[in-house]
Number of protein chains: 2
Amino acid sequence: MKDKFLYISSEDIYSLINENYDYILSTVQEALLLTQSDTVIQHDKTSLIIDERTQNRINCLPATILDKNISGIKWISVFPSNKKKEIDNVEGFTLLSETETGKLKAILNSSLATSLRTAAVGAIAAKYLAKSNSKVIGFIGAGEEAKAHFKLIKCVIPEINTCYFSSRTKTKITDLINELEKLYPDVKFINSSNDYEEAASNSDIIITAISSQEKVLKKKWIKEGSLYIHVAGLEDEFDVALSANKIICDSWECVKHRTQTISQMYKKGLLKDSDIYSDLVDIINGRKKGRESNNEFIYFNSVGLALIDVCLANSLYELAVEYDKGNWIVK
Amino acid sequence: MKDKFLYISSEDIYSLINENYDYILSTVQEALLLTQSDTVIQHDKTSLIIDERTQNRINCLPATILDKNISGIKWISVFPSNKKKEIDNVEGFTLLSETETGKLKAILNSSLATSLRTAAVGAIAAKYLAKSNSKVIGFIGAGEEAKAHFKLIKCVIPEINTCYFSSRTKTKITDLINELEKLYPDVKFINSSNDYEEAASNSDIIITAISSQEKVLKKKWIKEGSLYIHVAGLEDEFDVALSANKIICDSWECVKHRTQTISQMYKKGLLKDSDIYSDLVDIINGRKKGRESNNEFIYFNSVGLALIDVCLANSLYELAVEYDKGNWIVK
């Protein structure tokens with residue numbers, strides 16, 4: 001018998017997930033709980049900077065989960081300069097190998113899974129950290145990542161009834177709202193155009209999902225009791241984090257070595273380890289309290305963990321085998 | 001049109017290379033010459049240690065060559081514990097993406113290419129560094145890596161007429177000699193069994209190609225004027241390198257951060273940067289003299305460069321496109 005691996009295409013992934021956000025949420029939450037497990041080996045993430053000016057880069061995110069017999073890597077290009085060429089700026093593939101033999105078992109197209117896993121982490125943060133009775137959500141950014149965040153947060157907080165979208169690109173907002181209005185008739189969508197203040201200052205949950213490196217979110221816009229979900233790089237002024245009652249991360253140990261807003265503040269001495277309240281996992285498993293009052297402003301920072309990519313890819317691989325999706329390819 | 005990448009299997013690679021060692025040698029030499037080019041971005045190599053005891057690991061070797069519009073990574077498992085299970089202990093795949101857009105263009109099975117590129121670097125070292133009139137070659141190790149080294153060195157030094165093989169595993173030697181005798185009737189193959197001294201002390205070119213971490217090669221066995229090609233990890237006593245007239249590497253900057261014999265000596269303070277004579281590329285392009293007399297003992301250390309893997313994969317990709325090999329797969 002010839003040695004084979006399973007290739008799982010973008011179309012396969014779509015058909016497997018089939019808008020089944022509960023599946024994504026539970027898989028990602030399970031993966032988050034593994035972050036402190038001793039069956040997980042965390043490896044260094046590498047970012048291959050192809051062009052310093054455009055920040056075109058390819059990220060390599062490896063992780064090993066021994067008790068799942070899996071070691072994998074996500075190879076994902078993030079090319080801001082693709083926008084001008086009107087081609088996707090993110091494309092990812094994940095390789096999965098067995099830890100018992102080192103043999104490759106699957107390669108997956110991870111472009112869709114990447115935006116879904118990021119949104120799922122944000123949604124899980126919202127579930128645990130948003131104030132009770134949160135109804136209004138506001139976005140700076142109106143791309144794929146914003147859309148995925150809306151859908152997954154709406155899953156965990158069905159009471160959301162108002163949603164602001166703001167963006168530099170006005171046509172993007174119109175298209176996105178047209179699409180979402182049909183799917184969510186119970187939600188009032190408001191086009192804030194490029195008025196970021198309107199989107200932020202009215203919201204219980206604020207999300208910045210943009211790829212530019214500009215400090216667009218201002219402290220003065222943030223109302224008492226809100227939750228801010230920071231997704232990308234440097235999109236908020238330092239005063240936002242400084243005014244937070246709690247700063248919570250997917251993994252502070254990973255965040256601190258990177259270049260996001262709070263990573264930069266840490267490197268400048270504006271934040272210390274002790275200023276970080278906890279990682280999300282400690283709140284999920286009850287080791288730390290989450291929100292303690294409806295007045296707290298909570299800052300959640302997601303860096304994107306290789307462990308989650310690899311766990312999600314492995315779950316999708318198992319689903320693909322179960323439903324006979326993908327193509328077996330001779331090595 | 002749907003987005004596709006080219007998958008190039010092990011069988012495709014065999015058919016493309018078709019024992020065309022000159023192609024491998026020229027491609028690898030061209031890649032070596034790029035090591036100091038400013039169109040190349042060297043990235044960190046990561047070794048995912050899956051098991052400290054067995055040293056089962058997966059190495060991630062990324063490299064970017066801007067003027068070839070290529071950024072790639074080799075994902076290669078090295079599992080010494082597979083030997084007991086009688087399955088291959090090395091399996092590798094290379095992903096190639098375009099640096100202009102970040103889009104994946106190919107995935108290649110790199111298992112064969114890996115042993116060939118290592119042997120090609122050794123052969124190029126032999127071409128430039130072996131003494132004139134070298135006729136005798138001796139191996140410690142009789143596996144795939146030893147075989148590939150023999151074939152490629154014989155390509156560059158056709159005068160080789162005697163070859164010693166020694167190994168812990170005696171049956172391996174018999175099988176290997178049976179295979180090579182048919183192909184090289186002009187060479188006398190000698191089975192040294194586990195007598196490493198015989199294999200080393202009679203040879204103009206000595207190669208250690210073993211996967212154990214034992215200092216099997218002794219200084220006293222090395223005759224004047226020989227070239228030693230160090231392929232693996234820690235397989236020679238420190239006195240071997242200390243007695244060398246010249247130590248030459250594929251890339252000392254890469255070697256010094258690793259765990260090979262001379263890397264360990266460097267970390268212990270037994271070797272300094274100034275003890276390293278040069279990188280091979282400086283000898284190829286004439287910036288440094290290579291061998292200056294037939295009395296010198298030269299120590300060549302190859303660590304395995306991601307740049308060479310990615311260049312070779314890219315050349316094989318171009319060959320595959322030209323000869324219509326591989327399968328185009330919808331992303």
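Here B/E100 does not pair with A/K85 in a salt bridge; the nearest charged N to carboxylate O distance is not below 4.0 Å.
Chain A forms more heavy-atom pairs under 4.5 Å with one residue of B/N109, B/I329, B/L48 than with any other, namely B/L48. The most heavy-atom pairs under 4.5 Å with chain B, out of A/L104, A/N327, A/V330, A/T46, come from A/L104. For the set B/N89, B/N82, B/V90, B/I76, the count of heavy-atom pairs under 4.5 angstrom toward chain A peaks at B/N82. Heavy-atom pairs under 4.5 Å with chain A were tallied for B/S81, B/S47, B/G92, B/S10; the largest tally goes to B/S10.
Looking at A/I13, neither its backbone nor its side chain comes within 4.5 Å of chain B, counting heavy atoms on both sides. At a 4.5 Å heavy-atom cutoff, B/D51 makes no contact with chain A through either its backbone or its side chain. With a 4.5 Å cut-off on non-hydrogen atoms, B/I41 touches chain A through its side chain but not through its backbone. For chain A, the nearby part of B/I107 is the side chain; its heavy atoms alone come within less than 4.5 Å. Both the backbone and the side chain of B/T101 come within contact range of chain A, judged by heavy atoms closer than 4.5 Å. Interface residue A/I87: only side-chain heavy atoms are found under 4.5 Å from chain B. Interface remark: A/T99 contributes backbone and side-chain atoms alike to the contact with chain B (heavy atom separation under 4.5 Å). A/Q42 does not touch chain B: none of its heavy atoms, backbone or side chain, sits under 4.5 Å away. Interface residue A/D88: backbone and side-chain heavy atoms are both found under 4.5 Å from chain B.
For a heavy-atom cut-off of 4.5 Å, chain A lies close to B/I58, B/C60, B/P62, B/T64, B/L66, B/S71, B/G72, B/I73, B/W75 in residues 55-75 of chain B.
Heavy-atom neighbours of B/E11 CD from other residues, nucleotides or ligands within 6.0 Å: at or below the threshold of 12. With a 6.0 Å radius and a threshold of 12 heavy atoms from other residues, nucleotides or ligands, B/K325 has its NZ atom at or below the threshold.
In this structure a side-chain-to-backbone donor-acceptor pair under 3.5 Å is present from B/Y7 to A/K331.
Of all heavy-atom pairs between B/S77 and A/G102, the closest is OG-O, 2.9 Å.
The side-chain heavy atoms of B/D3 and A/E91, taken from C-beta on, include a pair separated by under 4.5 Å.
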